[in-house]
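Let me begin by presenting the structure, written as structure tokens, before commenting on it.
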Protein chains: 2
Amino acid sequence: MPPNDDVLIKIVDLAQREPAGTLASSVYDRLRGDILSGSLPPGEKLRTEALRARYEVGNSPIREALNRLSADGLVTREDQKGFRVAAASRADLEELVKTRCWLEQIALRESIANGDDSWEEGLVLSFHRLSRVRRSSSEDHYSVNPDWERLHRAFHLALLSACGSRWLLQYCAQLNDQADRYRQLAIVVSYPRRNELDEHEAMMKATTARDADERDIASHGAL
Amino acid sequence: MPPNDDVLIKIVDLAQREPAGTLASSVYDRLRGDILSGSLPPGEKLRTEALRARYEVGNSPIREALNRLSADGLVTREDQKGFRVAAASRADLEELVKTRCWLEQIALRESIANGDDSWEEGLVLSFHRLSRVRRSSSEDHYSVNPDWERLHRAFHLALLSACGSRWLLQYCAQLNDQADRYRQLAIVVSYPRRNELDEHEAMMKATTARDADERDIASHGAL
DNA sequence: CAATCAAATAATTTCGATATTTAATTGACC
DNA sequence: GGTCAATTAAATATCGAAATTATTTGATTG
């Protein structure tokens, strides 16, 4: 079983996403982005009609996207009552952070134990890409830089990509999404102040050195 | 935050499922059952037309069900190429078992640490219900007993239901589904020979006694 | 005979409209 | 004035057909 290469390639290439081949997938991507960025706030009712207007497609693709997102946990669905953006609360966030810690700890441990050369290469590559873009797309005030967000996500998943379980990897990705959303929701009030670039470099170096005891790696960016 | 009660009630009432309120949900349930039971084998192409005939509904509910199932990992989707029942392989099974161990270990540990009285009650109730139905619906040869399957699933999830993370719980449920499928796929060749009733009772007693060291609990039924 | 290209066929995806269900509003009655 | 029932309005869920895309078939050519 050599899933490492497959997974790695997939993860690394998460960095530059290909255009969606179908309307439903395109709507899925855009809707997902709008939820993660917070431009569709938690609890917001997602009416077919409004979304049709927003994304300029028929109702079938909308409905398909919503169904996928509801299985992802970004949208809630109630039979005969339609869809809403998933709620957000302090309690949910605590649950989320806790779970993310549990799972990423395992994934990182296994990744370090099993990672091969191509994993390390992917790691270095991901880091390099991440280090070349700015956190904010503006200089003075913070405004979300989509490139950075994508590369940041790719870097984190590259770390875990050799854990040997597609299931675990997928779950970590899902929890990452959720955490991203909370970060976006919170970010308007606190412009990031840490030196994240250095943090990321340290993470990479510690990891490639197989230094599993840097356990706070997993908790980095837990909001 | 008291999510325990909500979750518990939800888990316990997984035992008797309510009728689906919408066609799409009904198709989702039936299709899911047919995949888990193996009557739709791994890799099988899922053509809209064939499913329309099989479940006697229109196009839209089928498609919605398939989209949800694909996010659940029971169905694979490729843009412009339709849907298939998720593949099954020895390698996948090993990955699955490994992941299930990791996650259930955490969930059980946390459940034992956090579980309250109502959790224990739910556990006893689930066990009682499970103990009153037979593994096989026939006496001499094995044939799947849907009641047992449902109650078995509910019992396992009741064990983990106090883990304090809906995410983790959902992941465990998902992995349980996958394992169920593999069990069904394998079961034709090996009629179960263990005394599962006793096993389950031991699991319950060890757990309510807060005996976290019975670590092989988590690996029970790992196929 | 193998390979390539084009037409025909089949399957997926999408749309517009209809039927059903839920939510809101009105109006009567206590 | 408030509550409940009936009616209206809105939204969801579903259908059947049209449009787009993949696959197969068959003919032609090197």
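Computation of the quantities below employed the complete heavy-atom set of this structure, encompassing side-chain atoms and omitting hydrogens, waters and symmetry-equivalent molecules. Every chain is numbered from 1, with letters handed out A, B, ... down the list of sequences.
Using a 4.0 Å cut-off between a side-chain N of Lys or Arg and a carboxylate O of Asp or Glu, B/Asp147 and B/Arg134 do not qualify as a salt bridge. Ion pairing between A/Arg135 and A/Glu149 holds under the 4.0 Å rule for side-chain N and carboxylate O. A salt bridge links A/Asp180 with A/Arg183: the distance from a Lys NZ or Arg NE/NH1/NH2 to an Asp or Glu carboxylate oxygen falls below 4.0 Å. Looking at B/Lys98 and B/Glu94, no side-chain N of the basic residue comes within less than 4.0 Å of a carboxylate O on the acidic one, giving no salt bridge.
Within the 4.0 Å cut-off from OP1 or OP2 of C/dT12, not a single side-chain nitrogen or oxygen of A/Thr22 is found. Neither OP1 nor OP2 of D/dA11 sits under 4.0 Å from any side-chain N or O of A/Thr48. For C/dT12, one of the phosphate oxygens OP1 or OP2 lies less than 4.0 angstrom from a side-chain nitrogen or oxygen of B/Lys45.
The distance between atom CZ of B/Arg47 and atom P of D/dA22, rounded to the nearest whole Å, is 17 Å. Whole-Å rounding puts the B/Arg84 CZ to C/dA11 P distance at 13 Å. The separation between A/Glu49 atom CD and C/dC15 atom C1' is 14 Å, rounded to whole Å. For the pair A/Asn59 CG and C/dA19 P, the computed distance is 16 Å after rounding to whole Å. Between B/Glu64 atom CD and D/dC15 atom P there is a gap of 11 Å when expressed in whole angstrom units. The NZ atom of B/Lys81 sits 10 Å away from the P atom of D/dT24 (whole-angstrom rounding). In this structure, B/Leu66 atom CG and D/dT14 atom P are separated by 14 Å, rounded to whole Å. Whole-Å rounding puts the B/Tyr28 OH to D/dT14 P distance at 15 Å.
Of the listed nucleotides (C/dT21, C/dT14, C/dA11), C/dT21 has the atom at the smallest distance from the side chain of A/Gln80. Candidate nucleotides C/dC15, D/dT12, D/dT14 were compared by shortest atom distance to the side chain of A/Pro61, and C/dC15 ranks first.
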